[in-house]
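Each remark here refers to the structure printed beneath this line.
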Amino acid sequence: AQSVAQPEDQVNVAEGNPLTVKCTYSVSGNPYLFWYVQYPNRGLQFLLKYITGDNLVKGSYGFEAEFNKSQTSFHLKKPSALVSDSALYFCAVRYNFNKFYFGSGTKLNVKP
Amino acid sequence: DGGITQSPKYLFRKEGQNVTLSCEQNLNHDAMYWYRQDPGQGLRLIYYSQIVNDFQKGDIAEGYSVSREKKESFPLTVTSAQKNPTAFYLCASSNDRDPTNTGELFFGEGSRLTVL
């Protein structure tokens, strides 16, 4: 069965420090992995995706994600966090042609 | 600008009433989806449609109904049979003309339904 796990409900980081939001996956076949961000009472915004190729994927707003096949992980990273990065982050996997499975979300708090 | 429009943004319903949430897209996408979001949970798929006049149940379809009469529109009806309808509802679409089938979902701004 396809699944995505976000082991941390919440991540706290100080502004200017690097941040990591964790995601692990379980899929059969090639994994198509995505990260989305959601601000309160808003829809989800696409940040980046891994399809194939380089394990380090760069996306919007300075975010990047590292795909690690041996650890089945796809962690979201940013070298220097901003207060405005505070939001809810979702990892997702695409499977069965056009179905998506989402993790439970991680709330990122960036403190000034 | 291309995008997905959901309406209304906020909706209040009395128990026993059906309500319909609107979703319109001008991205020329074939596939459209409805998700439900509850606090502390990921998004759960209610229904999806790959083409006009065709749709499939997702993981939590009970108490919901949809139609897909036009490519641009995919309305969701929350019926009185849905026992716990208070939630945030998200409509999305994807470009399945992409032959690699690796495209991302595009989301609307959501509709928050509260049952009084």
Side-chain angles (χ1 to χ4, degrees), chain A residues 1-10 21-27 29-53 57 59-60 63 65 67 74 87-107, chain B residues 3-10 21 23 25 27 29-51 54-60 87-114:
Chain A
Q2 325 296 328
S3 67
V4 171
Q6 294 182 241
E8 301 157 317
D9 291 335
Q10 185 167 299
V21 182
K22 297 179 180 178
C23 172
T24 59
Y25 65 89
S26 174
V27 300
N30 294 323
Y32 300 147
L33 298 161
F34 302 80
W35 275 103
Y36 288 85
V37 61
Q38 183 182 36
Y39 296 96
N41 291 312
R42 304 291 298 275
L44 275 68
Q45 298 176 33
F46 169 74
L47 283 177
L48 50 80
K49 65 182 177 183
Y50 173 82
I51 305 302
T52 187
V57 179
S60 306
F63 284 94
F67 172 71
F74 188 54
L88 188 58
Y89 290 81
F90 289 97
C91 183
V93 60
R94 181 169 182 161
Y95 66 100
N96 280 2
F97 178 63
N98 60 0
K99 295 183 73 174
F100 292 76
Y101 187 88
F102 287 82
S104 56
T106 298
K107 185 178 181 183
Chain B
I4 300 178
T5 301
Q6 290 187 240
S7 63
K9 179 70 174 177
Y10 298 95
L21 307 181
C23 178
Q25 56 101 355
L27 299 169
H29 288 170
D30 287 311
M32 297 187 73
Y33 309 76
W34 274 105
Y35 287 91
R36 171 179 170 141
Q37 184 179 15
D38 295 283
Q41 299 190 41
L43 278 64
R44 293 183 289 168
L45 182 64
I46 304 173
Y47 269 98
Y48 66 101
S49 168
Q50 298 181 50
I51 198 169
D54 186 52
F55 47 83
Q56 288 80 40
K57 293 182 178 180
D59 301 318
I60 57 164
F88 192 54
Y89 292 89
L90 288 158
C91 180
S93 70
S94 67
N95 178 16
D96 287 341
R97 294 184 183 273
D98 172 5
T100 65
N101 297 322
T102 58
E104 63 271 22
L105 286 172
F106 293 78
F107 283 87
E109 289 294 289
S111 294
R112 185 168 296 281
L113 173 63
T114 302

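We use all heavy atoms of the structure for the numbers below, so side chains are in, but hydrogens, waters and symmetry mates are not. Below, chain A is the first sequence line, B the second, and so on; all start at residue 1.
Of the listed residues (A:F90, A:F46, A:Y101), the greatest number of heavy-atom pairs within a distance under 4.5 Å of chain B belongs to A:F46.
Aromatic rings of A:F74 and A:Y32 (six-membered ring for Trp) have centroids beyond the 6.0 Å cut-off, not under it. Aromatic rings of A:F34 and A:F100 (six-membered ring for Trp) have centroids within the 6.0 Å cut-off, being under it. The distance between the ring centers of A:F102 and B:Y35 falls below 6.0 angstrom.
Within the 4.5 angstrom heavy-atom criterion, only side-chain atoms of A:Y36, from C-beta onward, approach chain B. Neither the backbone nor the side chain of A:Q45 comes within less than 4.5 Å of any heavy atom in chain B. For B:L90, the part lying under 4.5 angstrom from a heavy atom of chain A is the side chain only. Only the backbone of B:Q41 comes within less than 4.5 Å of a heavy atom in chain A; its side chain stays farther off. With a 4.5 Å cut-off on non-hydrogen atoms, B:Q6 does not touch chain A at all. With a threshold of 4.5 angstrom between heavy atoms, A:N41 approaches chain B through its backbone and through its side chain.
Side-chain contact between A:K107 and A:D9 is absent, with no heavy atoms from C-beta onward closer than 4.5 Å. Put simply, the side chain of A:L33 does not reach to within 4.5 Å of the side chain of A:I51, judged on heavy atoms.
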Discussion item. Could you go through B:L105 and B:S93, starting from their C-alpha distance and side-chain angles, then the distance that decides it, and tell me whether this counts as side chain to side chain contact (heavy atoms under 4.5 Å, CB included)?
Written reply: CA-CA 6 Å; B:L105 286 172; B:S93 70; over 6 Å; no
